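What you see below is based on every heavy atom in this structure, not just the backbone, and it leaves out hydrogens, waters and symmetry mates. This structure is a prediction, so every number in the text was calculated from the model and none was measured. In what follows, chains are A, B, ... by sequence order, proteins preceding strands, each numbered from 1.
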Amino acid sequence: MRVRLLYFAWVRERIGRGEEDVDPPASLASVADLVDWLATTRGAGYAEAFGDRHRLRAAVDQRFVPLTAAIGAAREIALFPPVTGG
Amino acid sequence: MRVRLLYFAWVRERIGRGEEDVDPPASLASVADLVDWLATTRGAGYAEAFGDRHRLRAAVDQRFVPLTAAIGAAREIALFPPVTGG
Amino acid sequence: MIRIAVGPEPIDIAAEMELVEAGENGAVATFTGLVRSDDGVSTLELEHYPGATEAALAEVAAAATERWSLAAATIVHRVGPMRPGERIVFVATAAAHRGAALDACAYLIDRLKTDAPFWKRETRGAEPRWVEARAADDQAAARWSVD
Amino acid sequence: MIRIAVGPEPIDIAAEMELVEAGENGAVATFTGLVRSDDGVSTLELEHYPGATEAALAEVAAAATERWSLAAATIVHRVGPMRPGERIVFVATAAAHRGAALDACAYLIDRLKTDAPFWKRETRGAEPRWVEARAADDQAAARWSVD
């Protein structure tokens, strides 16, 4: 299942890119599972970006969700720090 | 004791003028006394303007005061309806 | 910086914003009151008590500045005749943070409604009519009492 | 009328006010957030999540419009690099009466702070630094919960 990943702010900087397409294994159920998979199978930047799970937020198909949310048939998953607009 | 009187809004319209100088008798203690004196010694417009005391407000030397306030050594007394700005 | 202006000129919000933003603080809140066009009023006329008006507005602005540590407070009130859609009043507050700016802005307009000597006369059809004071305005002003 | 705009252009308040006042309702409230100049920041940069940002802002504006029966709600947020004194965000609400306009304006900026995907990076001296989220912003947004 191909899914587009988007990274913002210091998540993007640590990973070194703003987006990529990945094929996560079907065994991954939640966004947190996806984050674990990325952190353990990719470079050091991913581990650094996802080191502190409390400072990580996510959106699935452009809707804010908790990390426990299911991936389901998501086409786009964004990972980023808590927002600081306004 | 000469004092300048100012009238605003429908108080001004009923009296027919916006200001005048008067010499109230020294026996008048409060703004309410002054209003009574004007209503009984002047024309019908005054009686009409001051007929409903609940809808009358006052300022002594440009400070809002209750009608029970003393005239004292006031140089300027304004009489008007409740304010409706903003 | 406190700025008080009362006069017959239309209110220029871009110019007023420039003044209130000049201190480069983080937050500016404004309120603008306009002549409504939905209730058949063709002309609104504002009468005021020159001198006493400016003093009352300055006092309200000073109280807000002290209570919320404002960097700037502006009150501009138009007088004379105006038409539907035109601005009657503009108030603005600048502060380091938004809570102070927003609360102080609400305070300025609430207090202005009850504490400043303005009177509105509106014309619907042929007959001009003095607007009655609203009890709701007294209640809105009273909620800011600190005692 | 709901207006949402996200882009790198400076925010033109006179033009925005004209749009929000167009319905000729009685009351317009606004909030403007600016880059502060008092804490040594030389540049502020705003990153966002295109598409998701506009959707989040539209949802916040629609919620306010329904809750306070607004005639108009505007949210304009700048992105990209900006300098001290420049406007980051402008929100405005138009309603028949001032209470609705003022409350809805505070709601828009509080909710925007927590619900829209923007990230601030500020430069003090040489090093740019991502701004940390504030617990106070979560508390400010939470006070609008209706349940």
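- The candidate from D:A136, D:A96, D:A101 with the greatest count of non-hydrogen atom pairs under 4.5 Å with chain C is D:A96.
- Among all heavy-atom pairs drawn from D:A61 and D:L108, the shortest one is CA-CD2, 3.9 Å.
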Item to check | Chi angles and distances behind the side-chain contact (heavy atoms from CB on, under 4.5 Å) call for C:F118, C:I88 | outcome: CA-CA 11 Å; C:F118 292 103; C:I88 305 167; over 6 Å; no
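- Here the closest non-hydrogen pair linking C:A95 and C:L70 is CB-CD2, 4.1 Å.
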Could you work out all donor-acceptor pairs shorter than 3.5 Å where one atom is in chain C and the other in chain D?
{"unit_1": "C:E21", "atom_1": "OE1", "unit_2": "D:R87", "atom_2": "NE", "d": "3.2"}
{"unit_1": "C:E21", "atom_1": "OE1", "unit_2": "D:R87", "atom_2": "NH2", "d": "2.9"}
{"unit_1": "C:E21", "atom_1": "OE2", "unit_2": "D:R87", "atom_2": "NE", "d": "2.8"}
{"unit_1": "C:E21", "atom_1": "OE2", "unit_2": "D:R87", "atom_2": "NH2", "d": "3.4"}
{"unit_1": "C:E24", "atom_1": "O", "unit_2": "D:S37", "atom_2": "N", "d": "3.4"}
{"unit_1": "C:E24", "atom_1": "OE1", "unit_2": "D:S37", "atom_2": "OG", "d": "2.9"}
{"unit_1": "C:G26", "atom_1": "O", "unit_2": "D:L34", "atom_2": "N", "d": "2.8"}
{"unit_1": "C:V28", "atom_1": "N", "unit_2": "D:T32", "atom_2": "O", "d": "2.9"}
{"unit_1": "C:V28", "atom_1": "O", "unit_2": "D:T32", "atom_2": "N", "d": "2.7"}
{"unit_1": "C:T30", "atom_1": "N", "unit_2": "D:T30", "atom_2": "O", "d": "3.0"}
{"unit_1": "C:T30", "atom_1": "O", "unit_2": "D:T30", "atom_2": "N", "d": "3.0"}
{"unit_1": "C:T30", "atom_1": "OG1", "unit_2": "D:T30", "atom_2": "OG1", "d": "2.4"}
{"unit_1": "C:T32", "atom_1": "N", "unit_2": "D:V28", "atom_2": "O", "d": "2.7"}
{"unit_1": "C:T32", "atom_1": "O", "unit_2": "D:V28", "atom_2": "N", "d": "2.9"}
{"unit_1": "C:L34", "atom_1": "N", "unit_2": "D:G26", "atom_2": "O", "d": "2.8"}
{"unit_1": "C:S37", "atom_1": "N", "unit_2": "D:E24", "atom_2": "O", "d": "3.4"}
{"unit_1": "C:S37", "atom_1": "OG", "unit_2": "D:E24", "atom_2": "OE1", "d": "3.0"}
{"unit_1": "C:R87", "atom_1": "NE", "unit_2": "D:E21", "atom_2": "OE1", "d": "3.2"}
{"unit_1": "C:R87", "atom_1": "NE", "unit_2": "D:E21", "atom_2": "OE2", "d": "2.8"}
{"unit_1": "C:R87", "atom_1": "NH2", "unit_2": "D:E21", "atom_2": "OE1", "d": "2.9"}
{"unit_1": "C:R87", "atom_1": "NH2", "unit_2": "D:E21", "atom_2": "OE2", "d": "3.4"}
{"unit_1": "C:R98", "atom_1": "NE", "unit_2": "D:D110", "atom_2": "OD1", "d": "2.9"}
{"unit_1": "C:R98", "atom_1": "NH1", "unit_2": "D:D137", "atom_2": "OD1", "d": "3.1"}
{"unit_1": "C:R98", "atom_1": "NH2", "unit_2": "D:D110", "atom_2": "OD1", "d": "3.0"}
{"unit_1": "C:R98", "atom_1": "NH2", "unit_2": "D:D137", "atom_2": "OD1", "d": "3.2"}
{"unit_1": "C:D110", "atom_1": "OD1", "unit_2": "D:R98", "atom_2": "NE", "d": "2.8"}
{"unit_1": "C:D110", "atom_1": "OD1", "unit_2": "D:R98", "atom_2": "NH2", "d": "3.0"}
{"unit_1": "C:D137", "atom_1": "OD1", "unit_2": "D:R98", "atom_2": "NH1", "d": "3.0"}
{"unit_1": "C:D137", "atom_1": "OD1", "unit_2": "D:R98", "atom_2": "NH2", "d": "3.2"}

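- Between D:L57 and D:L112, some side-chain heavy-atom pair lies under the 4.5 Å cut-off.
- Neither the backbone nor the side chain of C:A92 has a heavy atom closer than 4.5 Å to any heavy atom of chain D.
- To the nearest 0.5 angstrom, D:M17 atom CE is 9.5 Å from C:I11 atom CD1.
- Within the 4.5 angstrom heavy-atom criterion, no atom of D:A22 approaches chain C.
- In this structure, CD1 in C:I13 is found 9.0 Å from CD1 in D:I13, a value given to the nearest 0.5 Å.
- By the ring pair (Phe, Tyr, Trp, His ring centres under 6.0 Å) test, C:F90 is found to be paired with no residue, residues two or more places apart in sequence or in another chain being considered.
- Using a 4.5 Å cut-off between heavy atoms, C:V89 makes no contact with chain D at all.
- When C:A15, C:A14, C:A29 are compared by the number of non-hydrogen pairs under 4.5 Å with chain D, C:A29 comes out ahead.
- For the ring-ring contact (aromatic ring centres under 6.0 Å, His included) condition, no pair includes a residue of residues 1-45 of chain D, sequence neighbours left out.
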